[in-house]
Amino acid sequence: MNGGDDVVVASEEPLQPLEWKFSQVFGERAAGEEVQEVDIISAIEFDKSGNHLATGDRGGRVVLFERTDSKDQHGSRRDLESTDYSSSRHPEFRYKTEFQSHEPEFDYLKSLEIEEKINKIKWCQTANGSVFLLSTNDKTIKFWKVQEKKVKKISDMNIDPSKAIGNGSSSSNSNSSKPHLANGGSSDKSYNYPSNDFSFPPGGLPSLRLPSVVSHETSLLARCRRVYAHAHDYHINSISNNSDGETFISADDLRINLWNLEISNQSFNIVDVKPTNMEDLTEVITSAEFHPTHCNTLAYSSSKGSIRLIDLRQSALCDSHAKLFEEQEAPGSRSFFTEIIASISDIKFAKEGRYILSRDYMTLKLWDINMDSGPVSTFRVHEYLRPKLCDLYENDSIFDKFECCLSGDGSRVSTGSYSNLFRVFGCAPGSTEATTLEASKNPTRRQVPTPSRPSRSLGNSLTRVVRRGAENTGVDANGNSFDFTTKLLHLAWHPSENSIACAAANSLYMYYA
């Protein structure tokens with residue numbers, strides 16, 4: 001791709017397909033173990049540095065992980081440059097902390113139960129060693145600060161009151177040091193400080209050791225700094241930080257609101273697609289995201305398969321879009337399911353902001369914001385399900401919302417599928433990469449052969465191209481039929497390395513290449 005840093009450039013040699021390997025798993029369940037509904041992961045997000053990873057679940061909890069391998073780097077800059085660190089190591093994370101972000105609520109005015117499930121998590125700018133993040137459920141957004149707090153440890157006095165009797169009775173002094181006590185507490189439950197009627201033994205004590213701070217320990221503390229509530233009548237589907245570091249947007253089915261991080265009691269409505277008569281409603285907002293570098297630009301997708309780019313400089317209420325991206329229907333292809341499968345479930349800007357990746361039920365599409373005639377590339381993810389659309393409609397699977405992500409350099413895209421499978425496609429010029437992986441310790445165990453039609457070279461013209469995914473009949477390489485009850489909806493690509501984190505029910509799997 002042209003026009004930015006860390007982007008794909010047209011080259012003579014197409015990139016070779018990556019060889020993906022298992023890295024880590026958190027929350028792996030044993031065979032036959034039943035998964036609790038509240039433990040199912042519902043959101044995944046890397047921070048901009050890639051050193052932190054956050055997940056949210058249906059129980060309203062946010063779990064933070066931090067990278068450990070990058071902290072192992074020691075020595076001079078020359079030594080680090082002389083070692084091929086990036087190629088010999090891959091990102092490794094460890095559990096950092098977790099906190100309860102949202103609780104179940106009840107809206108008494110609407111007689112509506114608001115579940116605690118985390119819909120989205122977004123990292124904010126770090127400051128003074130603390131990390132900040134936004135989390136949201138269907139109605140309420142919260143701004144969290146997670147910081148390390150120093151815990152003081154205090155040494156004990158050398159008086160043993162268990163051997164001292166009040167009113168002048170003898171007491172033996174103990175010079176043996178007691179265990180250190182956190183914040184003045186005692187690890188010895190039977191130990192108490194001297195009572196008020198305690199008196200020193202005749203002749204006094206040879207020495208007296210008063211309590212003193214002897215060491216520090218650190219513990220992580222999560223504090224909710226602000227709550228942004230009562231601004232959405234419908235379920236929040238997206239939140240997105242602005243590149244200015246001061247504002248963010250939240251989107252529901254019909255409106256997009258602009259917030260200042262410092263102000264929680266008011267927001268500005270910048271997009272409103274609600275018609276005067278709700279019977280005239282034809283489409284809803286499904287996802288929204290700020291441009292990664294232009295603070296005045298954002299994009300939002302709709303249930304009709306279109307993406308609108310809006311410019312906040314044009315007007316206070318941005319009902320009129322600056323650009324519209326949609327693909328024209330092929331003549332005679334319309335059916336009952338056309339609009340349902342065209343609905344976009346997720347959009348993501350590429351790192352440099354020139355390209356937008358969108359995911360609908362059947363495909364991944366890559367759009368150039370400078371070319372609104374149609375997508376640059378289309379990757380067929382669920383083409384094999386086209387004959388089964390009626391069954392998928394009956395069991396509601398056709399309404400599943402799969403997320404998508406791009407690699408940091410913009411050369412590859414990824415999205416999830418059924419049977420805990422996920423797909424990785426190459427979108428560089430001339431690439432035919434189309435890999436199918438399973439969220440397990442052996443990611444290539446159920447890999448399906450992926451015949452791909454050779455694509456026309458994109459070159460500098462970036463003409464449109466369609467690449468095929470695995471056009472199978474719903475049976476994997478082992479002859480097993482696909483399981484539509486296990487679906488990989490949420491995944492995220494590390495911002496600077498070829499590493500993917502994905503959620504399979506309550507388990508977080510990580511892979512590298």
Side-chain angles (χ1 to χ4, degrees), residues 21-31 33-73 89-103 116-124 126 128-137 142-151 182 216-224 403 405 420 422 439-441 443 488-512:
K21 302 180 182 70
F22 169 78
S23 174
Q24 290 172 281
V25 59
F26 296 95
E28 184 183 24
R29 66 181 189 271
E33 181 184 349
E34 189 174 343
V35 178
Q36 299 296 318
E37 180 81 9
V38 294
D39 294 331
I40 295 176
I41 296 172
S42 56
I44 300 180
E45 189 78 11
F46 280 105
D47 73 343
K48 282 188 177 180
S49 69
N51 291 330
H52 290 91
L53 175 66
T55 65
D57 62 27
R58 294 188 184 180
R61 291 166 302 208
V62 172
V63 183
L64 304 186
F65 302 87
E66 70 175 349
R67 187 166 176 174
T68 57
D69 60 301
S70 60
K71 294 183 177 181
D72 297 336
Q73 300 186 60
R89 298 292 298 271
H90 61 272
E92 292 180 3
F93 288 79
R94 70 173 178 87
Y95 169 86
K96 184 173 183 177
T97 188
E98 69 179 86
F99 55 90
Q100 188 72 33
S101 173
H102 288 72
E103 301 279 358
E116 65 271 34
K117 175 189 153 207
I118 305 294
N119 290 342
K120 294 288 179 183
I121 298 173
K122 292 292 179 183
W123 290 90
C124 303
T126 59
N128 300 326
S130 302
V131 294
F132 297 86
L133 50 91
L134 290 165
S135 62
T136 183
N137 65 354
K142 295 185 179 182
F143 182 52
W144 290 90
K145 177 182 181 180
V146 181
Q147 63 180 336
E148 288 188 345
K149 279 282 190 182
K150 285 188 175 180
V151 179
H216 289 87
E217 277 191 358
T218 56
S219 66
L220 285 162
L221 177 68
R223 278 178 47 218
C224 182
E403 292 179 2
C405 58
N420 285 340
F422 63 101
S440 68
K441 287 187 174 179
L488 199 152
L489 302 176
H490 311 287
L491 75 171
W493 201 303
H494 190 281
S496 58
E497 301 180 27
N498 287 323
S499 175
I500 292 178
C502 55
N506 66 325
S507 303
L508 176 67
Y509 286 91
M510 305 194 70
Y511 303 93
Y512 71 98

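We use all heavy atoms of the structure for the numbers below, so side chains are in, but hydrogens, waters and symmetry mates are not.
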Within this structure, what is the [atom1]-[atom2] distance for the pair [X] and [Y], rounded to the nearest 0.5 Å?
{"X": "C224", "Y": "H102", "atom1": "SG", "atom2": "NE2", "result": "8.0 Å"}
{"X": "I40", "Y": "R58", "atom1": "CD1", "atom2": "CZ", "result": "4.0 Å"}
{"X": "L133", "Y": "F99", "atom1": "CG", "atom2": "CZ", "result": "5.0 Å"}
{"X": "F132", "Y": "Q147", "atom1": "CZ", "atom2": "CD", "result": "7.5 Å"}
{"X": "I121", "Y": "F46", "atom1": "CD1", "atom2": "CZ", "result": "12.5 Å"}

Residue pair [X] / [Y]: nearest heavy atoms and the distance that separates them:
{"X": "W123", "Y": "L53", "result": "CZ2-C, 3.8 Å"}
{"X": "I118", "Y": "S42", "result": "O-OG, 2.5 Å"}
{"X": "H494", "Y": "S49", "result": "CE1-O, 4.2 Å"}
{"X": "F143", "Y": "C124", "result": "CE1-SG, 3.8 Å"}
{"X": "S507", "Y": "G27", "result": "OG-O, 2.8 Å"}
{"X": "A43", "Y": "K120", "result": "CB-CA, 4.2 Å"}

Does the ring center of Y511 lie less than 6.0 Å from the ring center of F422?
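Yes, they do, as the ring centres are separated by less than 6.0 Å.
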
Could you tell me whether the side chain of E98 and the main chain of Q100 form a donor-acceptor pair under 3.5 Å?
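Side chain of E98 to backbone of Q100, a donor-acceptor pair under 3.5 Å: no, none is there.
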
Looking at V63, T55, V25, which hits side chain to side chain contact (heavy atoms under 4.5 Å, CB included) with L508?
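Going through the options one by one, the only one that passes is T55.
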
Residues, nucleotides or ligands: over 12 heavy atoms within 6.0 Å of K21 NZ:
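Buried by this count: over 12 neighbours within 6.0 Å.
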
Quick test of your reading: applying salt bridge (Lys or Arg N to Asp or Glu O under 4.0 Å), list the pairs with at least one residue in residues 40-57, sequence neighbours left out, ordered by first then second residue.
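Sorted pair list: E45-K122, D57-R61.
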
Any side-chain heavy atom of [X] within less than 4.5 Å of one from [Y]?
{"X": "R29", "Y": "N506", "value": "yes"}
{"X": "E116", "Y": "N137", "value": "no"}
{"X": "R67", "Y": "F93", "value": "yes"}
{"X": "L220", "Y": "L64", "value": "no"}
{"X": "M510", "Y": "P91", "value": "no"}

Show the numbers, then the answer: is there a side chain to side chain contact (heavy atoms under 4.5 Å, CB included) between F22 and Y509?
CA-CA 8 Å; F22 169 78; Y509 286 91; 3.9 Å; yes

I'd like to check the side chain to side chain donor-acceptor pair (under 3.5 Å) partners of S101; sequence neighbours left out, ordered by chain and number.
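Checked S101 against side chain to side chain donor-acceptor pair (under 3.5 Å); matches are S135, W144.
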
